[in-house]
**Student:** 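Mind having a look at this structure? Questions to follow.
No experiment lies behind these values; they were computed from the predicted model shown.
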Amino acid sequence: MELGYSSQIYLDYNATTPCKESVVKEMLPYFNKHFGNASSSHHPFGWLAKDALDESKNMISKTLGISQKEFIFTSGSTESINSVLKGLYKKNKSTRNHIITSKAEHKAVLDVCEFLEKEGAKVTYLDVTSDGLIDIKQLESELSKDTLVVSIMFANNETGVMQPLDLISQLCKKNRCLLFSDATQALGKTEMNDFFKQVDFACFSGHKLYGPKGVGITYIKEKSAVYLDSFIQGGGQQSALRGGTYNIPAIIGIAFAIVQADQRLIEEKKRLEYLRNLLQNGLSNIEESIVNGLNVDRLTNTLNISFKYIDGEILLRSLSTSLAVSNGSACNSAGVNPSHVLIAMGISPTLAFSSLRFSLGLYTSKKEIKNTITLVSKEIAKQRESNILWERREV
Ligand code: PLP
């Protein structure tokens, strides 16, 4: 498939992915031909929509190995994160008001935690190691009888680093507290075999796995649902947790995207690992470059790399006509702060500013990777040529 700007190489798949044409095809009839409301139970327009809803739920349930009662549709992960963390706090704050998260979470989690702190919650922000893993010992020592929920992501959007959810889950169970995991970047990129046994709540976004934007899923373990307050009242849809008319085309879209991602997972994961390693090796040949999260489990599509004596912003701008990459999560790329994830990993602000995230996807080719290595290497050499600090560096 040709992506929008055909002369550009797109390596920003962790920011978003194009909706697959086969997915769009499944969605299209439900915008106009089969436009009924899934809650209209007295005529065929509604029945058709309800059938599509049921079939989509069935596809998701079978593919993820979870019960149809255990998930609801949202507008995306940001909504899921808001509703789970706020919904849990609202219902349980009088008995447990402590939340544990990490300094390397997505801003969607960190901003909600900050909001809840203002509402009276006690929030602990765990440190991460230089490779981006949370400190399990610190988690163990911070857990207490007041801890309501631990919110730790499965895979980091900037570095691809995957957290040891098995250990985290064991500690949460031992302490009888809930575990929420933001798995937005993991679904479709890595196996989720034990994931749903480990967590109580989780979230996903359709647009990260070649589905449409504006639709997501909140996973709610059946036995943990009792701790959650409803998010959006009105109409009683989705077990009265999130009212409002079902967005049938989007629901069909995310269902097909999940099934297709599952079908190609093993092969695609391997293909992307090969391409990512090719890119990693090529860019590591550039002097004074450091791969972030190198020594731990990472998503196979992601490479985060810092180049000393380079201004990442200038580099991004000069590459932007030929290469779409990112210098942090898309959600904070408008800001001037260095990546909070890299800072949490102990990287200096200067080096964090000199870092790029390459995220590969379904339409990435070997030719594109080779061209990327050439483009980035040339641009870095050019920038350094005129950088006096580079000339005077100690070697
Ligand atoms: N969590 C992670 C790890 C993400 O990468 C993103 C998106 O970048 C989000 C949450 C928010 O997802 P959305 O913007 O689809 O709500």
Side-chain angles (χ1 to χ4, degrees), residues 1 3-4 10 12-39 49-50 52-57 59-61 63-64 71-87 106-109 111-112 153 157 182-189 201-220 230-235 237-239 241-262 324 326 329-334 359 361-362:
M1 190 183 88
L3 300 178
Y10 185 80
D12 206 10
Y13 286 87
N14 284 8
T16 197
T17 63
C19 193
K20 267 199 106 202
E21 262 165 56
S22 54
V23 170
V24 174
K25 198 168 151 231
E26 297 293 341
M27 294 167 64
L28 282 177
Y30 289 84
F31 282 102
N32 43 23
K33 196 166 172 218
H34 309 312
F35 63 90
N37 186 328
S39 305
K50 177 72 166 50
L53 173 65
D54 291 344
E55 180 50 22
S56 301
K57 280 187 178 171
M59 287 161 68
I60 293 168
S61 155
T63 308
L64 300 184
F71 62 92
I72 61 164
F73 297 104
T74 65
S75 64
S77 284
T78 303
E79 181 191 320
S80 300
I81 292 163
N82 270 268
S83 41
V84 170
L85 293 178
K86 290 177 182 173
H106 190 272
K107 280 285 178 191
V109 167
D111 287 354
V112 171
M153 70 203 320
N157 46 302
D182 170 1
T184 312
Q185 292 292 344
L187 187 61
K189 295 188 190 131
F201 304 95
C203 64
F204 313 98
S205 272
H207 71 104
K208 303 288 187 186
L209 69 155
Y210 310 91
K213 293 176 180 57
V215 62
I217 288 174
T218 305
Y219 167 72
I220 304 166
S230 72
F231 331 136
I232 297 176
Q233 293 80 34
Q237 288 93 344
Q238 312 216 63
S239 317
L241 278 171
R242 185 193 192 257
T245 301
Y246 288 99
N247 184 349
I248 297 297
I251 288 170
I252 292 171
I254 195 170
F256 273 90
I258 288 175
V259 170
Q260 292 182 7
D262 185 63
S326 145
S329 75
C331 305
N332 67 14
S333 61
S359 46
L362 212 44

**Student:** Below 4.5 Å, heavy atoms only, C-beta onward: do Thr74 and Ile217 meet side chain to side chain?
**Tutor:** no
**Student:** Work out which heavy atom in Met27 is nearest to a heavy atom in Cys19; give both atom names and the distance.
**Tutor:** SD-SG, 4.4 Å
**Student:** So, taking the atom named OH in Tyr246 and the one named CD1 in Ile251, what distance separates them when rounded to the nearest 0.5 Å?
**Tutor:** 7.0 Å
**Student:** Nearest 0.5 Å please: distance from the CD atom of Gln260 over to the CE atom of Met59.
**Tutor:** 8.0 Å
**Student:** For Ala250 and Pro212, which heavy atoms make the closest approach, and how far apart are they?
**Tutor:** O-CG, 3.8 Å
**Student:** Please step through side-chain contact (heavy atoms from CB on, under 4.5 Å) for the pair Ser230 and Arg242, ending with a clear verdict.
**Tutor:** CA-CA 7 Å; Ser230 72; Arg242 185 193 192 257; over 6 Å; no
**Student:** Between Gln237 and Gly244, is there a donor-acceptor pair closer than 3.5 Å when you use the side chain of the first and the backbone of the second?
**Tutor:** yes
**Student:** Rounded to the nearest 0.5 Å, how far does CG of Leu209 lie from CZ of Phe256?
**Tutor:** 13.5 Å
**Student:** Within the 4.5 Å heavy-atom criterion, are Ile81 and Asp111 side-chain neighbours or not?
**Tutor:** no
**Student:** Measure the shortest side-chain to side-chain distance between Glu79 and Ser75 over non-hydrogen atoms and say whether it is less than 4.5 angstrom.
**Tutor:** yes
**Student:** Shortest non-hydrogen contact from Leu64 to Leu187?
**Tutor:** CD2-CD1, 3.7 Å
**Student:** Can a donor-acceptor pair be found, under 3.5 Å and without considering hydrogens, that links the side chain of Tyr219 to the backbone of Ile72?
**Tutor:** no
**Student:** Backbone N or O of Phe204 within a donor-acceptor pair of the Lys208 side chain at under 3.5 Å?
**Tutor:** no
**Student:** Take a 6.0 Å sphere around NZ of Lys213 and say whether it holds more than 12 heavy atoms from other residues, nucleotides or ligands.
**Tutor:** yes
**Student:** Please step through side-chain contact (heavy atoms from CB on, under 4.5 Å) for the pair Ile232 and Gln238, ending with a clear verdict.
**Tutor:** CA-CA 10 Å; Ile232 297 176; Gln238 312 216 63; over 6 Å; no
**Student:** Would Asn157 and Lys107 count as having a side-chain donor-acceptor pair, cut-off 3.5 Å?
**Tutor:** no
**Student:** Under the 3.5 angstrom rule, does the side chain of Gln185 hit a backbone N or O of Asn14 as a donor-acceptor pair?
**Tutor:** yes
**Student:** Which atom pair, heavy atoms only, marks the closest approach of Ile252 to Ala52?
**Tutor:** CD1-CB, 3.9 Å
**Student:** Donor-acceptor check, side chain of Ser205 to backbone of Ser77, threshold 3.5 angstrom: yes or no?
**Tutor:** yes
**Student:** Quick check against the 3.5 Å criterion: does Asn82 have a side-chain atom that pairs as donor or acceptor with the backbone of Thr78?
**Tutor:** yes
**Student:** Quick check for you: to the nearest 0.5 Å, what is the distance between Lys189 atom NZ and Ser359 atom OG?
**Tutor:** 7.0 Å
**Student:** Begin from the C-alpha positions of Val259 and Ile60 and carry the test side-chain contact (heavy atoms from CB on, under 4.5 Å) through to its verdict.
**Tutor:** CA-CA 7 Å; Val259 170; Ile60 293 168; over 6 Å; no
**Student:** Can you tell me if Thr17 uses its side chain to pair, donor with acceptor, with the backbone of Tyr13 under 3.5 Å?
**Tutor:** no
**Student:** Is any side-chain heavy atom of Met153 less than 4.5 Å from a side-chain heavy atom of Thr184?
**Tutor:** no
**Student:** With no hydrogens and no angle check, is any side-chain donor or acceptor of Ser83 less than 3.5 Å from a backbone partner on Ser80?
**Tutor:** yes
**Student:** Given side chains that start at C-beta, do those of Val84 and Cys203 come closer than 4.5 Å, heavy atoms only?
**Tutor:** no
**Student:** Any non-hydrogen side-chain atom of Ile220 less than 4.5 Å from a side-chain atom of Phe71?
**Tutor:** no
**Student:** Within the structure provided, determine whether Tyr210 and Thr16 are in side-chain contact (heavy-atom separation under 4.5 Å).
**Tutor:** no
**Student:** Do Phe73 and Asn247 come within less than 4.5 Å of each other through their side chains, counting heavy atoms only?
**Tutor:** no
